[in-house]
Amino acid sequence: MGSQGGFGQSKEFLDLIKSIGEARSKAEEDRIVINEIEILKKRIIEPDIPKRKMKEYIMRSVYVEMLGHDASFGYIHAVKMTHDDNLHLKRTGYLAVTLFLNEDHDLIILIVNTIQKDLKSDNYLVVCAALNAVCKLINEETIPAVLPQVVDLLGHSKEAVRKKAVMALHRFHQKSPSSVSHLVSNFRKRLCDNDPGVMGSTLCPLYDLISEDVNSYKDLVVSFVSILKQVAERRLPKSYDYHQMPAPFIQIKLLKILALLGSGDKKASEQMYTIVGDIMRKSDSSSNIGNAILYECICCVSSIHPNPKVLETAAEAVAKFLKNDSHNLKYLGIDALGRLIKISSEIAEPHQLAVIDCLEDPDDTLKRKTFELLYKMTKPSNVEVIVDRMIDYMMSISDNHSKTEIASRCVELAEQFAPSNQWFIQTMNKVFEHAGDLVNLKVAHNLMRLIAEGFGKEDDTADSQLRLSAVESYLRIMGEPKLPSAFLQVICWVLGEYGTADGKYSASYITGKISDIAEAHSTDDMVKAYAVSALMKVYSFEIAAGRKVDILPECQSFIEELLASNSTDLQQRAYELQSVIGLDARAVENIIPMDASCEDIMVDRELSFLNGYVEESLKKGAQPYIPESERSGALSISSFRVEELHGSSGHSLRFEAYELPKPSVPSKPPVPPVSSTELVPVPEPTYHREFHEAVAPKFSVSGTGSSEIKLRLDGVQKKWGKQTYSSSSPSTTDSDTYKTQNGATQRDVTSSLSSKTRDVSYDSRRQQEEINPEKQKLAASLFGGVSKTEKRPAAGHKTSRPSSRVADKSHAEKSGPSDGGAVKASPQPPPDLLDMGEPTSISNATFVDPFKQLEGLLDLNEGTAALSSSSATKAPDFMSLYGDTSLSGQNMGMTDLLSTGSGDANLISGISHAPDKNGHGTGSAVTLPAQLSKGPNTKEALEKDALVRQMGVNPTSQNPNLFKDLLG
């Protein structure tokens with residue numbers, strides 16, 4: 001075999017290579033390779049194979065893999081060969097492994113140990129082979145295993161090892177930058193290596209690092225310029241020359257780095273002008289590598305801070321490219337000219353003829369590159385010529401991708417530099433006609449908007465001429481075959497809006513043309529939708545002008561077809577058309593005004609026009625709107641009970657019934673004074689038995705711990721009648737007492753009912769949360785604000801709303817003596833009539849008999865002075881909210897007895913000596929208006945009830961109506 005090639009390979013191997021090269025088809029090649037695979041599978045598993053033969057089998061397996069077939073049967077043998085001590089076999093094994101495996105292959109784990117051992121070898125050729133494998137096979141997880149050895153090799157005595165170590169470190173940075181971030185300084189050190197090869201290999205990682213962070217490497221500008229100058233002056237060994245150019249690839253990489261460092265930095269750029277200019281003047285344009293360096297110099301000049309002299313030199317280099325007969329060099333010249341005109345558009349003027357020649361060149365690639373240059377050179381003075389040439393080129397090509405790109409550029413240039421609206425419309429017509437559906441739909445909308453807006457001035461005549469020219473052009477174009485759908489939509493819209501605007505064309509003529517479009521494109525629902533809308537506009541304008549509407553037979557059949565269409569959109573448009581035709585002129589003019597397509601539509605996002613309706617509905621008892629953010633979420637039954645016990649800051653699904661609506665409070669001040677302990681009875685709604693077994697009205701529970709609710713007579717003190725007890729007297733038993741909390745009647749829960757929770761209405765929760773100023777502001781924007789009388793007073797300040805001087809004086813006289821030594825340092829917060837929070841248990845409260853107190857309170861002979869007649873407004877009627885509770889299926893509670901009146905008489909203005917939160921009375925005496933004669937005698941009813949209680953009546957149903965039977 002040595003006589004045939006000197007490589008020491010067998011005749012079988014050479015025959016394999018020869019037969020593959022002589023194969024005349026892919027099928028014949030596959031047949032040869034499949035036969036070779038069968039031979040290798042049999043021979044590679046034979047025992048005691050000589051190493052020379054195994055090496056040949058591995059190389060033949062490499063050929064199989066290169067030709068696209070599977071040679072995985074030889075992978076493990078290639079890995080074994082990397083362990084061999086023979087240098088040739090080891091290098092063959094490393095070569096095969098790097099070709100066979102990838103960094104995530106399962107066999108990589110078998111190679112890492114071998115690589116670690118070879119990196120420490122004394123033979124630098126073995127180290128180089130291991131470094132080659134490191135660059136290809138080491139993944140992010142195995143980097144730490146070999147990183148210390150690679151870093152140590154940066155100081156190896158052999159330059160080949162140092163160069164490959166730099167390459168390996170660069171590869172590590174590409175795979176895992178964080179793993180070598182602390183070793184970046186090694187690249188700076190190797191930049192000063194004595195060997196040009198090591199220095200050149202350092203430029204690649206430095207280019208990547210500078211691309212990521214330019215400012216961190218500004219200090220290296222001087223070093224790069226110095227290296228580039230030395231290379232250009234041929235101070236490197238002759239072995240680095242290529243086609244008589246000194247180290248051209250190092251020069252190209254240095255120019256790329258300088259372009260990054262000098263971009264936007266005048267100081268750094270000034271250091272580069274001299275060497276870049278010298279390289280452009282000394283470059284040899286007779287070779288490709290010389291032209292490559294020259295082109296890279298132009299790219300560098302276009303990136304750094306501009307300098308007139310250097311730009312002039314670059315323009316001369318561009319001229320050399322454009323005048324050359326080679327298409328490749330012309331392509332370089334066009335691309336370089338496109339970079340330079342970004343700095344100065346004047347550079348392209350001397351090369352106009354050369355650019356035109358490139359446009360007419362048969363080379364399609366060069367022609368496209370020239371159009372890119374023209375696109376960058378376009379301005380108002382040359383836009384017509386350039387766009388026309390682009391449209392002609394677009395008509396001559398069939399590639400949809402290139403046609404789409406050219407069409408989009410024509411549209412962009414026409415929109416940006418159009419000399420007149422007529423020219424723009426004509427240009428868009430050509431683009432739509434020849435590019436078809438490749439044009440973006442946004443272009444169609446921009447065209448319709450331009451026609452509707454006109455010139456944007458107060459010149460109605462010019463706008464009318466523009467629209468008339470558009471109508472005439474579309475009437476002429478619509479006969480062309482295969483018009484795109486987007487263009488047909490534009491035509492229908494323009495004919496509907498302006499077809500009969502100037503009176504040149506009759507409504508019958510325009511509607512006939514529109515009907516023809518719809519008939520010719522019966523499968524396009526969008527075109528038919530635009531067509532029926534255009535018909536509606538034409539007929540509406542005729543009706544608004546007082547002219548008789550004559551619907552053509554073809555239009556009538558088209559409308560009838562749409563009335564039975566499967567498309568709901570087309571059906572709706574057809575029915576709207578029928579409805580509009582039947583209206584009078586004034587109504588039609590208001591519905592579809594003439595030339596109103598560009599009028600601004602003011603969208604009221606707050607829907608302020610509904611404020612009156614909302615306020616009226618709220619007064620009538622409607623529930624206020626709850627934002628979605630506050631009503632999202634859901635709770636299970638168990639989590640709901642836990643929430644009621646511990647409270648919840650979030651908004652979740654509520655299971656209790658809605659509370660009866662609250663009427664809006666007038667903004668005028670109320671008549672009676674309100675003390676901080678005023679009681680406003682609130683009825684208990686009917687809820688599920690699982691949550692509430694206590695019913696309203698709620699009375700004390702026996703101290704035995706029985707869950708059965710009973711009415712008690714003993715130890716009950718009067719609460720609404722005359723003062724019969726000391727507010728500071730201790731209580732001997734645990735009972736439920738009525739107390740005032742923020743102006744609402746609450747029940748104190750005993751320890752026996754501690755597991756039962758009281759329902760808190762959603763509205764009361766919202767009232768508590770409205771303390772947040774942001775939510776108050778949001779509510780004000782949504783519902784028109786809150787009246788002054790509804791605002792919650794600041795915590796810690798007692799507020800009274802006196803209706804007259806007499807009431808104020810009476811409150812001041814009676815509030816003092818009953819305080820009984822209470823600490824005045826922390827005054828109680830004012831009442832919040834809408835706060836119905838959690839009840840607070842008080843264990844030392846005395847028994848109170850509300851019925852006996854009501855006897856004294858509601859005694860007709862014991863009524864005190866009426867409310868002051870000087871009040872100009874009525875007090876808010878809170879009790880009347882619950883007057884119709886029994887009608888809605890809820891049982892009447894004790895508070896319903898107090899809501900039979902109307903006006904001022906319905907509001908309990910105050911309570912004498914009601915206990916506060918701590919069990920102390922405030923002693924404020926308030927008058928009660930005379931009871932109206934409407935309804936049964938309440939005093940007699942209470943007496944009957946007291947008698948029945950003594951007999952021991954127990955409720956037997958949930959929320960029983962205790963008074964329905966008693967009062968008849």
Side-chain angles (χ1 to χ4, degrees), residues 163 166-167 170 174 187-188 190-193 195-212 214 217 220-263 265 268-269 271-305 307 310-311 313-318 320-321 324 326 328-340 369:
K163 182 172 70 172
V166 170
M167 295 169 61
H170 181 205
Q174 290 177 336
F187 295 129
R188 289 173 173 261
R190 293 303 101 196
L191 187 63
C192 304
D193 196 283
D195 185 75
V198 178
M199 180 271 299
S201 65
T202 310
L203 296 178
C204 294
L206 284 175
Y207 177 79
D208 291 346
L209 293 171
I210 293 172
S211 300
E212 298 171 1
V214 176
Y217 298 90
L220 293 179
V221 172
V222 178
S223 300
F224 289 129
V225 171
S226 176
I227 294 173
L228 182 59
K229 184 177 181 180
Q230 295 179 48
V231 173
E233 293 176 353
R234 298 178 181 273
R235 296 186 182 180
L236 269 65
K238 287 286 186 181
S239 59
Y240 289 93
D241 289 358
Y242 179 76
H243 287 266
Q244 300 181 355
M245 290 297 297
F249 301 105
I250 293 179
Q251 291 190 53
I252 291 174
K253 184 60 71 174
L254 285 170
L255 289 170
K256 288 180 179 291
I257 293 174
L258 292 178
L260 293 176
L261 294 173
S263 179
D265 190 340
S269 300
Q271 304 178 52
M272 309 173 190
Y273 294 150
T274 303
I275 183 60
V276 174
D278 290 343
I279 292 176
M280 285 192 292
R281 284 187 291 268
K282 295 179 180 179
S283 62
D284 181 14
S285 57
S286 61
S287 61
N288 287 335
I289 192 63
N291 291 322
I293 295 175
L294 188 58
Y295 170 76
E296 199 60 50
C297 288
I298 298 173
C299 294
C300 179
V301 170
S302 64
S303 299
I304 65 177
H305 191 274
N307 178 270
V310 179
L311 282 177
T313 306
E316 294 175 357
V318 170
K320 294 180 182 179
F321 289 149
N324 201 292
S326 172
N328 293 334
L329 295 183
K330 285 184 178 181
Y331 187 94
L332 285 181
I334 294 295
D335 184 78
L337 186 60
R339 295 174 180 271
L340 293 179
K369 196 67 179 179

So, for [X] and [Y], which heavy atoms are closest and what is the spacing to 0.1 Å?
| X | Y | answer |
| --- | --- | --- |
| Ser201 | Met167 | CB-CG, 4.5 Å |
| Ala336 | Ile298 | CB-CG2, 3.7 Å |
| Ala314 | Val301 | CB-CG1, 4.3 Å |
| Gly290 | Ser283 | O-CB, 4.3 Å |
| Ile252 | Ala292 | CD1-CB, 4.3 Å |
| Ala232 | Ile279 | CB-CG1, 4.2 Å |

Validation row: [X], [Y] side chains within 4.5 angstrom (heavy atoms):
| X | Y | answer |
| --- | --- | --- |
| Asp193 | Thr202 | no |
| Asp265 | His305 | no |
| Asp284 | His243 | no |
| Met245 | Tyr240 | no |
| Glu296 | Lys256 | yes |

Q: Apply the test side-chain contact (heavy atoms from CB on, under 4.5 Å) to residues Leu203 and Ile257: give CA-CA distance (whole Å), side-chain angles for both, the deciding distance (0.1 Å), then the verdict.
A: CA-CA 8 Å; Leu203 296 178; Ile257 293 174; 4.1 Å; yes

Q.
Evaluate Ile304 against Ser263 for side-chain contact (heavy atoms from CB on, under 4.5 Å), listing each step before the verdict.
A. CA-CA 4 Å; Ile304 65 177; Ser263 179; over 6 Å; no

Rounded to the nearest 0.5 Å, what separation is found between the [atom1] atom of [X] and the [atom2] atom of [Y]?
| X | Y | atom1 | atom2 | answer |
| --- | --- | --- | --- | --- |
| Phe224 | Leu191 | CZ | CG | 5.5 Å |
| Lys369 | Leu332 | NZ | CG | 9.5 Å |
| Phe187 | Cys204 | CZ | SG | 10.5 Å |
| Leu254 | Ser223 | CG | OG | 11.0 Å |
| Leu255 | Leu294 | CG | CG | 10.5 Å |
| Ile250 | Tyr242 | CD1 | OH | 15.0 Å |

Q | side-chain contact (heavy atoms from CB on, under 4.5 Å) between Gln174 and Asp208, worked out | A | CA-CA 9 Å; Gln174 290 177 336; Asp208 291 346; 3.6 Å; yes

Q. When you look at CD of Glu316, are more than 12 heavy atoms from neighbouring residues, nucleotides or ligands closer to it than 6.0 Å?
A. yes

Q. Should we count CG of Asn288 as having more than 12 external heavy atoms under 6.0 Å?
A. no

**Q.** Pi-cation contact, Phe321 with Lys330 (under 6.0 Å, within 45°)
**A.** no

Q.
So does Pro246 get a backbone contact from the side chain of Gln251, meaning a donor-acceptor N/O pair under 3.5 Å?
A. yes

(Q) Using a strict threshold of under 4.0 Å (side-chain N to carboxylate O), is an ion pair present between Lys163 and Asp195? (A) no

Q.
Name the residue from Ile293, Leu329, Asn291 that meets the side-chain contact (heavy atoms from CB on, under 4.5 Å) definition with Ser285.
A. Asn291

Q: In sequence, state the C-alpha distance, the side-chain angles, and the governing distance for Val310 and Met272, and then conclude on side-chain contact (heavy atoms from CB on, under 4.5 Å).
A: CA-CA 10 Å; Val310 179; Met272 309 173 190; over 6 Å; no

